[in-house]
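Notes follow once the structure below has been shown.
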Amino acid sequence: MCGIIGYTGNGNAVPKMTEGLSVLEYRGYDSVGIAAQTDGGISVVKCKGRIQTLKEKEELAALSSTCAIGHTRWATHGGPSDINAHPHRAGSVVLVHNGIIENYKELKEQMQQKGVYFLSETDTEVAAAVLNDCYLESGDPVAAIRKAMLQLKGSYAFGVLFDDHKGEIYAVRQGSPLILAKGQDGSYLASDITALLPFTREYYPLEEGEIAHLTKSFAKLCSVGGEEITPAWTTTSMSPEAAQKGGYPHFMLKEIHEQSEAIVKSVSSRINAEGLPDFSADGIDADFWKQVKNIQIVACGSAMHAGIVGSRFLEEYAKIPTNVYIASEYRYHPPLAVDGTLVIIISQSGETADSLAALRYAKSAGLPTLGIVNAVETTIAREADRRIYTYAGPEIAVATTKGYCTQVSVLYMLSVAIAYATGRMDAVTAKEIAHSIKEDAPRAVAHMLETYKDTFVRIAKKLAPKEDMFYIGRGTAYALSLEAALKIKEISYIHTEAYAAGELKHGTISLVEEGTPVIAISTEAELYDKTESNVREVASRGADVTLICRDDTGEKEFSANEVILLPTNSEAATVFAALVTIQILAYETARIKGCDIDRPRNLAKSVTVE
Ligand code: F6R
């Protein structure tokens, strides 16, 4: 999604803008722009395309400024173009915007009646016009922002420059994230802390409705009601290297390799001194779990897929009925809640608009909520009644890997913790499973990446020229197939369907023809024979089958052309070995096809619009 950066201080603002925006590239964007205060007024340089295109512009090279705002845009209102790119100017106001102004049509008409002429198709230019209109009345930036907020409906984070306020940046958030930061050489603004890691680590996440006024030496804050607020600065533990590739050709590959370590981080603090699963360090004690009779997991995309894997563990071990809902649907067809319903919202970014809306809906319905979130201090983490961080570290590639992986590891540990706390699992078993998640799963991930390097490339070469393919599986393997298909689709653009292996013959098998790739996953021993029958069904119709199955399957005669064996020293080892296999297969296929792996077309990292 869109990215914002801003700086005012003693340094040169323009290179800081391009450097910060480059870090934000991972969020996905299609146009970029900078507005900088100069001796001759505010100059705006913007264009469709990449930051490199902007950097090559002569107007940018000529800019010298100590106060600027910058933006990467992911088109919503109006396609990607030079004109629609941010910043937008209206009168004395120049602004950048993340989010969506829902009532922009009505506001546009009102502004047009006042004689405003619009250049772009964007809702952002309308917001700029409304703000300028308010500014004309008072001549006071904060009063103007406060008044404009009463008119703007939707979600937004703004960075604003006013012609006659040199060296000052104004900012406000309502629904979309925005942080302030202070460095040795000035004050900063960004939609995401990673953009500021090259400059500073001391930051403050704006609360809903807060208005900030940045000058080079301080940040002044006030609430929408006008009360002054003292920002509580915190220091991020992220290092600048966390947002760099560290020798890997792509962030996605780096993040796939970081998973062994990420699993350990995600579960270590949830195993107590006795080796038992325990979430008391997260402020959730055993008694809380005893009240939970029913769980609703709500999330989007891969996070929702992690929820489906987790629901299997929750039902199998904790014996709690668990349903998984697509966040964007949750509010429109609210599921029935019984006494003891817990709503779990899963989100890597902690800012996904649909997941946040679902969280707010659940809270308004009086249901207790738990956020499983990666990015700390984000809106979902802050608004959920309870939160569990996944500690995967910053995830830069648009397609999630370690985010998803740690969501699964945390849900796995959670199900064992609940099972033990409620007396549904004995201590010996709980310890054993907790230990296997922390020890066996990371080893299995590393083992697969090492052992099957060439096999993955060989299979990916066969997949790359194809237009359609299938993933099939039963049980947990079916849940993993859903994520496997999404990974292939989003980064290699091959149409892939995930099917419950037994369901294929009820219609869709008619699509299988000579050479159709089918990848079958089998992680549960008791489901192997049935999955193998399904493999035979497709193989006999010409499918080119790859089988990902347990290494204890025995001396069976495989009807697949390729076989990848998963370690079976524990359930955790098998599940996480399969999980990394589907990710690396997608990665290698996209690499062979020459796709833009870290920034797949049309996609954005943190989807902050509904
Ligand atoms: C796919 C992917 C998305 C996200 C989804 C939810 O690789 O990354 O499907 O999982 O947009 O995002 P979060 O977890 O940030 O709420």
Side-chain angles (χ1 to χ4, degrees), residues 1 26-28 74 176-177 191-192 194 250-253 255-256 259 262 266 297-310 324-330 344-360 369-384 387-411 479-480 482-493 496 498 579-580 582-587 589-590 595-610:
M1 287 275 116
Y26 78 93
R27 293 169 69 103
W74 188 78
S176 295
S191 48
D192 182 332
T194 50
H250 299 99
F251 281 111
M252 184 174 177
L253 188 61
E255 288 159 8
I256 287 174
Q259 290 181 119
S266 73
I297 294 181
V298 192
C300 304
S302 298
M304 191 260 299
H305 293 157
I308 296 176
V309 178
V324 183
Y325 299 90
I326 295 172
S328 55
E329 290 294 314
Y330 185 75
I344 301 183
I345 308 283
I346 308 175
S347 176
Q348 186 285 127
S349 64
E351 299 291 354
T352 301
D354 287 316
S355 307
L356 179 59
L359 167 70
R360 289 179 178 162
T369 56
L370 166 67
I372 297 183
V373 176
N374 186 40
V376 291
E377 278 298 322
T378 44
T379 314
I380 293 174
R382 283 188 285 143
E383 290 194 15
R387 69 216 44 77
I388 296 174
Y389 285 118
T390 51
Y391 300 132
E395 191 177 61
I396 308 293
V398 164
T400 182
T401 51
K402 61 175 182 169
Y404 166 79
C405 172
T406 50
Q407 287 160 355
V408 173
S409 55
V410 162
L411 285 162
L480 291 168
L482 295 168
E483 176 60 7
L486 177 62
K487 282 277 99 56
I488 288 266
K489 280 185 276 202
E490 64 184 336
I491 63 166
S492 73
Y493 316 139
T496 311
L579 180 152
V580 70
I582 59 177
Q583 296 170 337
I584 197 80
L585 277 176
Y587 171 83
T589 307
C595 299
D596 190 352
I597 294 181
D598 286 336
R599 295 188 300 259
R601 69 184 180 210
N602 305 337
L603 295 183
K605 181 67 183 162
S606 161
V607 186
T608 48
V609 293
E610 286 183 27

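We use all heavy atoms of the structure for the numbers below, so side chains are in, but hydrogens, waters and symmetry mates are not. When a ligand or atom number is given, it counts from 1 through the structure's own listing order.
Protein heavy atom nearest atom 11 (O) of ligand 1, with residue, atom name and distance: Val607 CG2, 4.1 Å. The single protein non-hydrogen atom nearest to atom 10 (O) of ligand 1 is Ser302 N, 3.1 Å, given as residue, atom name and distance. Among all non-hydrogen protein atoms, the one lying nearest atom 8 (O) of ligand 1 is Thr400 CG2, 3.3 Å. Atom 16 (O) of ligand 1 has Thr352 OG1, 2.5 Å as its closest protein atom, hydrogens excluded (heavy atom only). In terms of protein heavy-atom proximity, atom 15 (O) of ligand 1 is closest to Ser349 OG, 2.7 Å. Nearest to atom 5 (C) of ligand 1 among the protein's heavy atoms is Cys300 O, 3.5 Å. Ranking the protein heavy atoms by distance from atom 14 (O) of ligand 1 puts Gln348 N, 2.6 Å first. Taking atom 7 (O) of ligand 1 as the reference point, the nearest protein heavy-atom neighbour is Glu490 OE2, 2.6 Å.
With values rounded to the nearest 0.5 angstrom, Leu585 atom CG is found 13.0 Å from Lys487 atom NZ. A distance of 10.0 Å separates CG in Leu486 from CD1 in Ile491, rounded to the nearest 0.5 Å. The line from NZ of Lys402 to CD of Gln407 is 12.5 Å long, rounded to the nearest 0.5 Å.
In Glu351, neither the side chain nor the backbone holds a heavy atom less than 4.0 Å from any atom of ligand 1. Using a 4.0 Å cut-off between heavy atoms, Val398 contacts ligand 1 through its backbone alone, with no side-chain atom that close.
Heavy-atom proximity to Ser347, at under 4.0 Å, picks out these atoms of ligand 1: 13 (P), 14 (O), 15 (O), 16 (O). Close approach of ligand 1 to Ala303 is summarised as follows: ligand atoms under 4.0 Å from at least one heavy atom of the residue are 10 (O), 14 (O). Of all the atoms in ligand 1, the ones that sit under 4.0 Å from a non-hydrogen atom of Gly301 are 9 (O). Within ligand 1, the atoms closer than 4.0 Å to a non-hydrogen atom of Ala399 are 7 (O), numbered from 1 in the order shown.
Not a single heavy atom of Leu603 lies less than 4.0 angstrom from ligand 1.
In this structure, Thr378 contributes its side chain and Ile380 its backbone to no donor-acceptor pair below 3.5 Å. A distance-only check finds no donor-acceptor pair linking the side chain of Glu483 to the backbone of His305 [under 3.5 Å]. The backbone N or O of Pro394 lies less than 3.5 Å from no partner atom in the side chain of Asn374, so there is not a single donor-acceptor pair.
Distances between N or O atoms of Lys487 and those of ligand 1 include at least one value under 3.5 Å. For ligand 1, the polar-atom distance check finds no N/O of Ser355 at less than 3.5 Å from any of the ligand's N/O atoms.
Under the rule for a side chain to side chain donor-acceptor pair (under 3.5 Å), the partners of Tyr330 that lie at least two apart in sequence or sit in another chain are Gln296.
Between Gln259 and Thr401, the side chains place no donor N or O within less than 3.5 Å of an acceptor N or O (distance only, hydrogens not considered). For the residue pair Ser347 / Ser355, no side-chain donor-acceptor distance below 3.5 Å is found, with atom types taken as modelled.
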(request) Begin with the C-alpha distance, continue with both residues' side-chain angles, and end with the deciding distance and a verdict on side chain to side chain contact (heavy atoms under 4.5 Å, CB included) for Gln348 and Thr390. (result) CA-CA 8 Å; Gln348 186 285 127; Thr390 51; over 6 Å; no

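Taking 4.5 Å as the limit, some side-chain heavy atom of Glu255 sits within range of a side-chain heavy atom of Ile396.
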